[in-house]
There are 4 protein chains.
Amino acid sequence: MTQNISSKPVRQRVTRTRVALTDALLALLEERAQEHITIRDITTRAQVGYATFFRNYPDKEALLHDLAADEINRLLTMTLPLFFGVDSESSCRALCAYVWEHRKLWTGLLTGGAAPTLKQEYLNQALRLLDEPDQSKSWLPGDLAVTFAVTAIIEILAWWLKQEHPLAVKDMAETLNRLAVQPIMSTERGPSGIKKP
Amino acid sequence: MTQNISSKPVRQRVTRTRVALTDALLALLEERAQEHITIRDITTRAQVGYATFFRNYPDKEALLHDLAADEINRLLTMTLPLFFGVDSESSCRALCAYVWEHRKLWTGLLTGGAAPTLKQEYLNQALRLLDEPDQSKSWLPGDLAVTFAVTAIIEILAWWLKQEHPLAVKDMAETLNRLAVQPIMSTERGPSGIKKP
Amino acid sequence: MTQNISSKPVRQRVTRTRVALTDALLALLEERAQEHITIRDITTRAQVGYATFFRNYPDKEALLHDLAADEINRLLTMTLPLFFGVDSESSCRALCAYVWEHRKLWTGLLTGGAAPTLKQEYLNQALRLLDEPDQSKSWLPGDLAVTFAVTAIIEILAWWLKQEHPLAVKDMAETLNRLAVQPIMSTERGPSGIKKP
Amino acid sequence: MTQNISSKPVRQRVTRTRVALTDALLALLEERAQEHITIRDITTRAQVGYATFFRNYPDKEALLHDLAADEINRLLTMTLPLFFGVDSESSCRALCAYVWEHRKLWTGLLTGGAAPTLKQEYLNQALRLLDEPDQSKSWLPGDLAVTFAVTAIIEILAWWLKQEHPLAVKDMAETLNRLAVQPIMSTERGPSGIKKP
DNA sequence: CTCTAATCGAGACGGTACGTCGCGTCTTACG
DNA sequence: CGTAAGACGCGACGTACCGTCTCGATTAGAG
């Protein structure tokens, strides 16, 4: 994602290194927050030379973005129908179930300093989906809707994963739906409250 | 806020220094993001010795928190009625109007790296208000409600201030109300949509 | 010694402060080396305001010099006959006896970083004595003789005080005499050894 | 000398850096006293990064010791016979001649604050020579003899190099011999004077 | 016995140097 | 050729101490 590598065998090696780095960062993210992970930590854990890191990524952020892009991409396939309003409830349930399944990973991603990067990547991908069919008929600017929904989702998930006694997946899904998704779904402009005719 | 200084004349000097530092940081925040402001930048701008910074604050975060606490405190007095549900619409309007009035300051606070600190301080103060009358009758855990609302408010305001052609105060207030406030107000538990009898 | 104070009563107070500072430094010198004693240490120990130090001495060196001058002055009254060659043996004995009596103090003075200052003061006072009757008839330049003797005395005493099982005063006196005093006493120029006709 | 570096190519670079630092310090010592040379001065002059200094030496003293050890080592090869009493006169001459030849360097070493370090290193190396054949037959403890001789030599040389019109090498050699060497050579214990049978 | 001025305590402050940490670059040897 | 190993330049950090400063409290001698 960061560089274009042409020759095939090289790409393999490069890929192997990147995977090692990504895995190392993931492992470390489950131990401590992103700000307290140094590049040396990552390369040591990845069994990779220090300088090698910079041949693959310009800096720590880039690796994190790559990692985040991957994870968000996976997550988004769960969330996609959500943005087309087909059945937001079950979309939310799918999303929560997925996160819960990988909660150790997502705890690392969302409760350390990596959250902003995650959010950024989530936003990027969501906004890209939005671009094509610009349905400006809503009372709400599209990018604000996405920004709001993504932030809310991230934040609510983070809150969830931080709890000592986390709520059930089903309850979280409903909460997510009511707080993050429903508010951007209502189509008409009303005085202040939300009417359902 | 960070230390208690006893003797009066000294406190004056200390206060002067802290004000200088706070003002300097505020000014710099309007120029560039928090991560790109060094402590030396602050002290230079504040016409204060470098070491003096550390006599007043343990690190940059502490100063930022002090500053954020002040600003949030001011903001909260606008927002207070909002959390008691009296009239969320006009509360939102007051809040938006206030932010708009000081939009240069708040642009610095919300669009640089300072936003997390701001949010944290907002949360702290809001949660403190929540503590006393713990109305757990809601379907929504109180701290999640606050976390959601605060995050949403911050995020929406940040989006607003980043726009080239920002919406009118009135419209933003309504948006804020519908996205950040109303969702946590509905008291009953419903299937998925939001009903208004 | 450092400033001229006019009014008499003031001088008393000043003197009291200086005595307190001097005593404090002396006490600290018995604990640790001069380089590791800060001015704040001294003023704290002396029960004196930090700034007051600078009202009496321009810096730590000045206080040390004052202190050294006093102690050396006392020591020199023991050593004086030594430089007029009357009876170097008994002069050495007197000197060693005196140092031994105050060995705790002199250990502090000679084995910490204060030794150079001590030596300097010793030199100053000894050279001042030398000035008047400039007997250049010796084969040895007067100031070199004094420099040598003083350094040797200081060094030998320092060695003595550092020993776990120090030699007797009598033995040290003889050693001092043979190493530091006799070598500058022989008046004629000889091939290499020292003749006694 | 401070660390053992294993890999060969690295050692080359390290060595280059250390040489640069040593040379820079030497050059600076000929300009001003050690206490007034900051580490930044040294690194700037050596065209080396500030932090790199600390990768090679824990502090300024360590560099000075390394440097002193080198120079003393060179000097000691001149002085060695001196300590075995073969021919102290010509040993002294050799020593003085050597110092005179490099008098600019040695002026820096001996008349700035570096002298104590030099002396210490001289002592270390001389005492190490003393260790093996501990000839305790002398009336004088071996370590005192060495301490005295070394101090005296250093001091006399320092005096020499500080003179505006320095004495001839020959004369200094004799002085050195009579003041610093002969006194520790006489083997028997006498009343006070020095007898030559 | 009070009044007044010098001195003192307390400690904040500007400044310099230190030593540390992490980043990103660079060199060198090796597979 | 590309990679591991790790030294290096750089810049920010936080600490320690110095010497200066301001300001209220103390105190001692003069009236």
Side-chain angles (χ1 to χ4, degrees), chain A residues 7 9-10 13-14 16-17 35-41 43-44 47-61, chain B residues 5-18 20 35-41 43 47-60, chain C residues 5-10 12-14 16-17 20 35-41 43-44 46-60, chain D residues 5-18 20 36-41 43 47-60:
Chain A
S7 70
V10 164
R13 236 192 313 184
V14 166
R16 205 155 7 105
T17 301
E35 318 87 86
H36 300 123
I37 299 175
T38 72
I39 294 183
R40 188 144 255 137
D41 290 338
T43 54
T44 301
Q47 301 270 51
V48 147
Y50 177 67
T52 302
F53 181 93
F54 298 96
R55 278 183 215 108
N56 289 278
Y57 301 98
D59 53 23
K60 200 171 57 179
E61 282 305 296
Chain B
I5 304 288
S6 42
S7 72
K8 214 191 299 168
V10 166
R11 172 169 241 149
Q12 278 186 18
R13 242 196 307 177
V14 167
T15 300
R16 203 155 12 104
T17 299
R18 294 198 179 171
E35 318 87 85
H36 300 124
I37 300 176
T38 71
I39 292 182
R40 181 143 266 134
D41 290 337
T43 55
Q47 301 268 54
V48 147
Y50 178 69
T52 299
F53 182 92
F54 298 97
R55 290 188 193 109
N56 288 277
Y57 301 97
D59 53 22
K60 204 171 54 179
Chain C
I5 305 287
S6 43
S7 70
K8 213 193 294 169
V10 165
Q12 278 184 17
R13 244 198 302 184
V14 166
R16 201 149 16 100
T17 299
E35 318 87 86
H36 301 122
I37 299 175
T38 72
I39 293 183
R40 189 145 254 138
D41 290 337
T43 54
T44 301
Q47 301 270 50
V48 148
Y50 176 66
T52 302
F53 181 93
F54 298 96
R55 290 186 195 108
N56 288 278
Y57 300 97
D59 55 21
K60 200 171 58 179
Chain D
I5 305 288
S6 43
S7 72
K8 214 192 299 166
V10 166
R11 172 168 243 150
Q12 277 185 20
R13 242 196 308 178
V14 167
T15 300
R16 202 154 12 104
T17 299
R18 294 197 180 171
H36 300 122
I37 300 175
T38 71
I39 292 182
R40 182 145 264 134
D41 290 338
T43 54
Q47 301 269 54
V48 146
Y50 178 70
T52 299
F53 182 92
F54 298 97
R55 290 188 197 130
N56 288 277
Y57 301 97
D59 55 21
K60 203 171 53 179

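Because the structure is a prediction, the values reported are computed rather than measured. Labels below follow one simple rule: chain letters A, B, ... track the order of the sequence lines, proteins then strands, and each chain is numbered from 1. For the numbers below, each heavy atom of this structure counts, side chains included, while hydrogens, waters and symmetry mates do not.
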- Item | Phosphate OP1/OP2 of E/dT7: any C/N56 side-chain N/O under 4.0 Å | no
- Item | Test side-chain hydrogen bond (donor to acceptor under 3.5 Å, both in side chains) applied to C/T43 - qualifying residues, sequence neighbours left out | none
- Do the rings of C/F53 and C/Y57 sit parallel, tilted or perpendicular, given the 30° and 60° boundaries? tilted
- Message: Whole angstroms only, please: what is the CZ-C1' distance between D/R16 and F/dG6?
- Response: 14 Å
- Which residue lies more 5' along DNA chain F, comparing C/H36 with D/G49 via nearest heavy atoms: D/G49
- Between D/V48 and B/I37, which has a closest nucleotide on DNA chain F that is more 5'? D/V48
Anything under 3.5 Å between a protein N or O and an N or O of nucleotides 19-22 of chain F, put it in a table, one pair a line.
from: F/dG19; atom 1: N7; to: C/Y50; atom 2: OH; distance (Å): 2.7

- Task: Take atom CG of D/D41 and atom P of E/dT16, then tell me their distance rounded to the nearest Å.
- Result: 13 Å
- A/D41 meets the salt bridge (Lys or Arg N to Asp or Glu O under 4.0 Å) criterion, sequence neighbours left out, with A/R32
- Task: State which residues pass side-chain hydrogen bond (donor to acceptor under 3.5 Å, both in side chains) with B/T17; sequence neighbours excluded, sorted by chain then number.
- Result: none
- Take atom CD in C/Q47; do more than 12 heavy atoms of anything else shown fall under 6.0 Å from it? no
- Would you indicate whether the side-chain heavy atoms of C/Y50 and C/T44 approach each other to under 4.5 Å? no
- Check whether any side-chain nitrogen or oxygen of B/T52 sits under 4.0 Å from OP1 or OP2 of E/dG14, and answer yes or no. yes
- Message: Using a heavy-atom cut-off of 4.0 Å across all strands, would you classify D/Q47 as base, sugar-phosphate, or nothing?
- Response: sugar-phosphate
- Query: Quick one: is E/dC21 close enough that its OP1 or OP2 comes under 4.0 Å of any side-chain N or O from A/T38?
  - Reply: no
